[in-house]
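It should be emphasised that the depicted structure is a prediction, and the values quoted were computed from it without experimental measurement.
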Amino acid sequence: MAEGSDLEKTEPASQRKLEQAREDGDVPRSRELATCTLLMAAGGGLWMTGDTMVRALNHILVTGLTLERAQAYDFELLSARIAGTLGQLFLAFAPLAGILMLVAAASPLLIGGWLFSGKALTPNFGRLNPLSGVTNLISKNSLVELGKAIGKALVVGTVSYMVISRQFDAVIGLGMEPLGSGVAHLGHLMLTTFIAIVGGLILIAAIDVPYQLWHYADKLKMTRQDLRQEAKESDGNPEIKAKIRQQQREMAKRRMMSEIPTADVVVTNPTHYAIALRYADGKMGAPRVVAKGADAVAARIREIAGEHNIPTLEAPPLARALYQHAELGDEIPEALYTAVAEVLAYVFQLRSFNKNGGHQPVLPEVLDVPPQMDPLNPAALNKQTNLGPTP
């Protein structure tokens, strides 16, 4: 039973599978929504540009039926006349065509979004298989599409019949009306019928869009075995991951070592720990840790500091506190401000003495390190014990 449930597609598609489907050109689409939006755009475009387009077409019709004698006997003049008429037709329909093209390009944003995938254009000779074609004809999706087509025809036919039947006498009487009023009346009847048909298509689109979203999600459902396999592939080989982590640590170590020459002082334990500090007045709120390490790394920090003449100060409690509570690249804890300030004051005075002479600064012997900040202090050990899990 467990194996059978693992092979059933009961789990929603993962983000990776959704992205892969999108790369393959598979996104949810609703043709009914696209048709409905295009018809609405056509109706709106005709409403906005109809008067201008009718006047332009009327002018083209009048001028087109007027032909000069020279044009009738000169092919070049006649060709220029035809080209000019075609240009006027293009300009007359350009606003409406522009609206339709803009809506057609923007309609995919309503469902699925824009998609540019070359895989959808790759030839798939499997589609030429007659057996798969017959299978698609009797598939569930084909039956749904057939039902939608029948429903669309019924809705459009019923709406058209209801609108026209209510105005049947007016349609019959159009031939008896004067040309101007008859054309206006015909336009009103067509507009009423168009609005009713678009309303029916909006209903069909409102039903089709949720169905397409559900069908797309159902089609991409995964089995539990698929999820486990995908997670395994995403996690990758443990040996490769370990090697990547090692390389990342080495890169971080190299970056840290390159920052040591910018430090102002290196605080040591004296051999176990080494922490390089830097402070720029006006640019930093507090001194920052540019490098830290223990044992071999600490020895390398001290070596680089000696190569670049960076002062090294032995202060075991402060070194232990900084190593324990200050992260690489961060500012030191507020509790250590006083102790580090004494160290930096000594370093800056020593730098001034080496440069200008004067009184040699006195090396601070006792630094104000709070007992709870020193990992080897009994107060800190008691605090760590009290913070541990209680039985």
Side-chain angles (χ1 to χ4, degrees), residues 245-246 248-354 360-390:
R245 285 195 297 267
Q246 181 182 0
Q248 290 174 343
R249 287 193 297 266
E250 292 177 354
M251 291 175 62
K253 181 179 177 181
R254 286 194 294 268
R255 287 195 300 269
M256 181 184 73
M257 295 301 179
S258 65
E259 293 291 328
I260 296 175
T262 66
D264 293 312
V265 65
V266 174
V267 181
T268 64
N269 193 32
T271 57
H272 291 299
Y273 301 125
I275 298 90
L277 302 176
R278 179 173 177 266
Y279 178 68
D281 191 13
K283 298 181 180 180
M284 299 180 181
R288 292 182 180 273
V289 177
V290 297
K292 59 181 286 188
D295 299 329
V297 177
R300 180 58 181 162
I301 293 175
R302 293 193 301 270
E303 181 181 351
I304 296 176
E307 294 174 356
H308 292 83
N309 297 322
I310 297 173
T312 301
L313 179 64
E314 294 185 8
L318 179 59
R320 291 192 297 266
L322 288 171
Y323 187 85
Q324 182 72 21
H325 302 286
E327 297 297 331
L328 183 65
D330 293 344
E331 295 181 354
I332 64 172
E334 186 176 353
L336 299 176
Y337 278 5
T338 302
V340 174
E342 294 180 25
V343 172
L344 290 176
Y346 166 77
V347 170
F348 294 151
Q349 292 173 7
L350 181 62
R351 188 180 300 169
S352 177
F353 170 76
N354 294 333
Q360 185 174 1
V362 179
L363 181 68
E365 297 182 357
V366 180
L367 298 174
D368 186 13
V369 178
Q372 65 273 14
M373 300 293 290
D374 185 359
L376 297 185
N377 192 285
L381 294 176
N382 292 336
K383 182 178 180 180
Q384 294 176 3
T385 303
N386 294 332
L387 290 176
T390 56

Rounded distance (nearest 0.5 Å) linking atom CG of L318 with atom OG1 of T338: 11.0 Å

Tell me whether K292 contacts the main-chain N or O of L328 through its side chain, where contact means a donor paired with an acceptor under 3.5 Å. no

CD (E307) with more than 12 external heavy atoms under 6.0 Å: yes

Just by modelled atom types, is the R278 backbone N or O under 3.5 Å from a matching donor or acceptor in the R288 side chain? no

Does Y279 offer a backbone N or O that forms a donor-acceptor pair with the side chain of D264 under 3.5 Å? yes

Donor-acceptor pair, distance only, cut-off 3.5 Å: does the side chain of N354 make one with the backbone of L350? yes

Interatomic spacing from CD1 in I301 to CD1 in I310 - rounded to 0.5 Å: 10.5 Å

Restricting to non-hydrogen atoms, name the atom on A321 and the atom on P375 that form the minimum distance, rounded to 0.1 Å. N-CD, 4.1 Å

Give the minimum heavy-atom separation between G293 and A298, together with the two atoms involved. O-CB, 3.5 Å

So CD of Q324 and CG of L336: to nearest 0.5 Å the spacing works out to 11.5 Å

To check you understand the geometry: which heavy-atom pair defines the closest contact between V347 and P311, and what is its length? CG1-CG, 4.0 Å

Can you measure from CG (N309) to CZ (R351) and round to the nearest 0.5 angstrom? 11.5 Å

Report yes if some heavy atom in the side chain of V369 is under 4.5 Å from a heavy atom in the side chain of R320; otherwise report no. no

Hey, what do you get for NE2 (H325) to CE (M373), rounding to the nearest 0.5 Å? 4.5 Å

Walk me through whether E250 and K253 qualify under salt bridge (charged side-chain N to carboxylate O under 4.0 Å, His left out). CA-CA 5 Å; E250 292 177 354; K253 181 179 177 181; over 6 Å; no

Within the 4.5 Å heavy-atom criterion, are R300 and I260 side-chain neighbours or not? no

Decide side chain to side chain contact (heavy atoms under 4.5 Å, CB included) for L277 and L322; before the verdict, give the C-alpha distance in whole Å, the side-chain angles of both, and the deciding distance to 0.1 Å. CA-CA 10 Å; L277 302 176; L322 288 171; 4.0 Å; yes

Side chain to side chain, V362 and Q349, heavy atoms closer than 4.5 Å: no

